[in-house]
Number of protein chains: 2
Amino acid sequence: MATIYQVSELAGVSLATVSRVMNKNARVSEKTTKKVEEAMETLGYRPNSMARSLASNRSNSVGLLVSEVHGPFYGAMMSGIESELRASGMHVIIAAGHSEEATEKDGIEFLIDRSCDALILHVEAVSDEYLLELSRGRTPFVLINRDVESIEDNCICLDNELGGYLATRSVLDQGHTHIAYISGPLWKKDAKERYLGHQRALQESGLTQSSSLSFEGDFQAEGGSQGMRHLLASPDAFTAVVCGNDEMASGAMDEVRDQGLAIPGNISVQGFDNVGFSNYMFPKLSTVDYPVEAMGVMAARWVLKNVYNKNDLAVKNVFRPKLIARDSVKKLPR
Amino acid sequence: MATIYQVSELAGVSLATVSRVMNKNARVSEKTTKKVEEAMETLGYRPNSMARSLASNRSNSVGLLVSEVHGPFYGAMMSGIESELRASGMHVIIAAGHSEEATEKDGIEFLIDRSCDALILHVEAVSDEYLLELSRGRTPFVLINRDVESIEDNCICLDNELGGYLATRSVLDQGHTHIAYISGPLWKKDAKERYLGHQRALQESGLTQSSSLSFEGDFQAEGGSQGMRHLLASPDAFTAVVCGNDEMASGAMDEVRDQGLAIPGNISVQGFDNVGFSNYMFPKLSTVDYPVEAMGVMAARWVLKNVYNKNDLAVKNVFRPKLIARDSVKKLPR
DNA sequence: TGAAGAAATGTAAGCGCTTTCATTTATACC
DNA sequence: GGTATAAATGAAAGCGCTTACATTTCTTCA
């Protein structure tokens with residue numbers, strides 16, 4: 001492996017000059033530049049990234065912590081981040097947090113120890129205080145899908161309340177008035193906010209959520225099934241169910257069918273997230289689009305701007321969800 | 001940030017000794033070890049990973065190239081790899097190849113330049129020759145889902161031919177005799193082998209594939225829809241379709257329904273891969289399990305064994321697919 | 001008890017770059 | 001042509017570790 005020294009020898013210049021032409025961060029005469037580039041070419045020189053990092057104190061790596069590496073949601077997020085960062089020559093190191101406090105903290109430490117220049121975090125279990133504390137450290141980070149007071153600028157969020165509102169609004173607009181709700185775990189802020197949006201939509205129509213028609217699930221398919229079982233066993237009738245995310249909507253749909261009912265004939269189902277498979281379901285799931293890939297890209301831009309000084313980039317912190325009407329919600333006659 | 005030097009000072013020993021207790025690669029007396037560990041503790045010392053890498057010529061990072069960062073298939077793969085490697089303290093750097101030759105090569109170079117100790121590659125577009133050439137370089141790599149002659153030991157594969165056989169065998173076992181096939185792009189080895197397995201199953205039952213009932217798709221939902229449209233327009237009747245993967249099965253199912261037919265009432269559908277959403281589909285898709293997460297784990301083990309000298313690990317190169325019978329294939333009366 | 005050998009520790013030379021500061025060379029202007 | 005100034009280049013000191021080799025300290029056993 002050729003080193004910078006050999007290049008400098010062959011080009012008949014000093015180490016410093018070679019470094020300068022590599023980094024284009026100081027003026028070098030055209031003639032010298034050419035000599036150096038030729039030398040690099042003939043030696044097949046590739047700079048040693050570790051040496052560069054050590055000397056410059058920049059690793060050009062960004063740590064990415066997601067709850068799960070698999071799953072359509074994180075896939076889209078990682079995809080946006082990877083492409084945006086690689087286009088700028090940075091690499092991304094991934095780690096999983098599994099929505100558990102200890103694992104999330106561990107992952108963050110791991111990434112920091114790995115000399116990441118910045119972190120992109122999708123964390124759920126860790127407390128706001130921990131994140132505030134972290135923000136006083138020397139590794140900058142940006143949060144996806146989390147809004148922490150006093151470091152709002154580091155947060156890239158979806159307006160979940162609005163999303164919850166849109167989801168239920170859409171069902172109301174189709175004439176439904178008896179609406180059940182299966183929420184995510186309410187200790188998760190996004191689950192809570194979606195539920196609040198749902199309630200706002202109901203209130204706007206002069207309705208309130210009957211407590212027997214509301215169920216707290218786990219954001220997984222199984223929780224959706226459980227929820228639907230619970231709801232169908234309730235004395236109160238309903239014609240539609242709004243779910244906190246698409247996975248639970250899927251589970252709920254399975255249960256509806258298991259009980260011999262039709263979708264959307266007997267029961268309409270509304271999801272949230274618009275993850276990849278919602279379009280593969282049958283009937284195709286009406287849902288709310290979570291622009292997760294775009295938000296991933298934005299997180300990457302935040303890093304490029306705030307850590308790598310690409311100041312011309314604009315960063316948008318709050319994204320608006322959008323209703324995706326498909327086939328799982330039936331229009332009711334008035 | 002404390003350095004090794006400060007630790008050595010506080011502990012009253014030399015740099016070398018501190019390094020030794022960090023790496024546990026030479027004997028240090030118990031007494032000294034304790035002194036050093038205490039010093040580390042009180043200084044909150046964290047080794048600088050870049051300096052370690054430069055000095056030891058080991059980055060403890062493994063590059064992972066997948067075709068797409070999103071998508072259920074790669075998600076499961078990455079998940080297996082990430083967890084296995086992180087448990088051993090290695091980190092994984094991801095890059096996407098997008099199934100295009102130039103992008104794949106570019107990604108590989110990128111990862112090599114990033115000083116990865118090893119590469120885990122899921123490549124499709126790059127040639128066998130290129131990979132052989134690469135194998136002569138100094139960065140070791142392991143291939144997932146690719147079988148290259150003369151470097152078989154570096155390959156972690158699924159027996160796709162067997163999978164194709166099982167898929168069709170299962171449909172035959174349910175009494176179907178008029179079977180259509182929607183393959184993946186036949187230039188991809190796995191698509192080809194699955195198709196071959198399919199044909200073997202047919203032959204075993206004394207049947208042959210009617211050419212009008214065979215369609216070459218693109219491994220995407222859209223290709224499945226196209227294929228089904230094509231097949232339904234053919235003069236030959238069929239009661240079942242076997243698809244090269246689950247995405248195409250999903251697309252095919254949409255088309256079947258669009259034409260007013262029932263699944264599996266009129267047409268049975270068999271998939272391949274058992275990706276996450278196949279269980280969310282309706283009816284639940286009968287498919288063939290591709291143990292992609294396990295294969296990811298195995299690729300990680302290959303790296304641990306061959307690059308990081310964890311010799312006690314066993315590596316299995318060829319995985320066997322398994323039939324997953326669900327609801328999309330109907331049993332025909334004889 | 002002391003010599004030989006093993007175990008523990010220290011010394012110092014890198015690893016391949018970046019960057020500050022000093023020096024040389026080119027350019028401009030009177 | 002000579003001086004002031006700017007531009008180009010070079011010399012060398014790190015960055016924070018690892019590790020080969022040298023040295024010191026401890027064991028062992030005749």
Side-chain angles (χ1 to χ4, degrees), chain A residues 1-40 43-61 89 112-117 138-139 308-309, chain B residues 1-40 43-61 89 112-117 138-139 308-309:
Chain A
M1 211 71 249
T3 73
I4 197 177
Y5 178 71
Q6 296 167 36
V7 173
S8 76
E9 262 192 326
L10 182 59
V13 299
S14 74
L15 286 188
T17 302
V18 177
S19 174
R20 286 182 188 112
V21 345
M22 269 174 56
N23 296 299
K24 305 184 199 311
N25 56 2
R27 356 194 20 132
V28 178
S29 77
E30 217 167 288
K31 208 176 54 183
T32 323
T33 302
K34 198 158 152 248
K35 269 193 304 182
V36 171
E37 280 171 347
E38 278 171 12
M40 286 179 167
L43 288 174
Y45 171 72
R46 328 245 31 174
N48 178 315
S49 68
M50 298 183 294
R52 291 181 98 166
S53 297
L54 180 60
S56 67
N57 203 26
R58 266 291 162 82
S59 67
N60 287 324
S61 68
I112 292 178
D113 281 356
R114 251 31 216 214
S115 318
C116 290
D117 294 331
R138 68 206 129 271
T139 307
Y308 297 116
N309 306 315
Chain B
M1 210 73 247
T3 73
I4 197 177
Y5 177 72
Q6 296 167 38
V7 174
S8 75
E9 262 191 326
L10 182 58
V13 299
S14 74
L15 287 187
T17 302
V18 177
S19 174
R20 286 182 188 112
V21 345
M22 270 174 54
N23 296 298
K24 304 184 201 311
N25 58 1
R27 356 195 19 132
V28 178
S29 77
E30 218 165 288
K31 209 175 53 187
T32 325
T33 303
K34 199 160 152 246
K35 269 193 307 185
V36 171
E37 280 171 347
E38 279 170 13
M40 286 177 166
L43 290 175
Y45 171 71
R46 328 244 32 174
N48 178 314
S49 67
M50 297 182 296
R52 293 181 96 168
S53 297
L54 180 60
S56 66
N57 203 26
R58 267 291 159 82
S59 68
N60 286 324
S61 69
I112 291 179
D113 281 355
R114 252 29 219 216
S115 317
C116 290
D117 295 331
R138 67 206 128 269
T139 307
Y308 297 116
N309 306 314

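Below, read A as the first sequence line, B as the second, and so on, with proteins coming before strands; counting in each chain starts at 1. Quick note: numbers below take in every heavy atom, side chains included, and nothing from hydrogens, waters or symmetry partners.
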Spacing of B/Gln6 atom CD and B/Tyr45 atom OH [to the nearest 0.5 Å]: 10.0 Å
OG-CZ distance between B/Ser61 and A/Arg114, expressed to the nearest 0.5 angstrom: 7.5 Å
Only distances under 3.5 Å count here; give the side-chain donor-acceptor pairs of residues 22-31 of chain A to other protein atoms, sequence neighbours excluded, each with its distance to 0.1 Å.
residue	atom	partner	partner atom	Å
A/Asn23	OD1	A/Arg52	NH2	2.8
A/Asn23	ND2	A/Ser19	O	3.0
A/Asn23	ND2	A/Ser19	OG	3.3
A/Ser29	OG	A/Thr32	N	3.3
A/Ser29	OG	A/Thr32	OG1	2.5

Nucleotide-resolved protein contact map, nucleotides 15-28 of chain C, B/S/- at heavy-atom distance under 4.0 Å: BBBBBB--------
Interatomic spacing from CZ in B/Arg46 to OG1 in B/Thr3 - rounded to 0.5 Å: 15.0 Å
Gap between atom NZ of B/Lys35 and atom CD of B/Glu38 - 0.5 Å precision: 10.0 Å
Touch class at under 4.0 angstrom, heavy-atom based, for B/Thr32 against every strand present: sugar-phosphate
Which residues share a side chain to side chain donor-acceptor pair (under 3.5 Å) with A/Ser49, sequence neighbours left out: B/Ser115
Terminal axes of the helix from C/dT1-D/dA30 to C/dC30-D/dG1 (five pairs each): angle between them, nearest 10 degrees: 40°
Inter-residue atom distance B/Asp113.CG - B/Thr139.OG1, 0.5 Å rounding: 9.0 Å
Between D/dT18 (P) and B/Lys24 (NZ): distance, integer Å: 13 Å
Side-chain N,O (A/Ser29) to OP1/OP2 (D/dT9) below 4.0 Å: yes
Base versus backbone protein contacts along nucleotides 23-28 of chain D [heavy-atom cut-off under 4.0 Å; B, S, -]: ------
Set of residues satisfying side-chain contact (heavy atoms from CB on, under 4.5 Å) with respect to B/Ala39, sequence neighbours excluded: B/Val7, B/Leu10, B/Ala11
Pairwise distance CG(A/Leu54) to CG(B/Asn48) - rounded to 0.5 angstrom: 6.0 Å
Side chain A/Ser53, main chain A/Arg58, donor-acceptor under 3.5 Å: yes
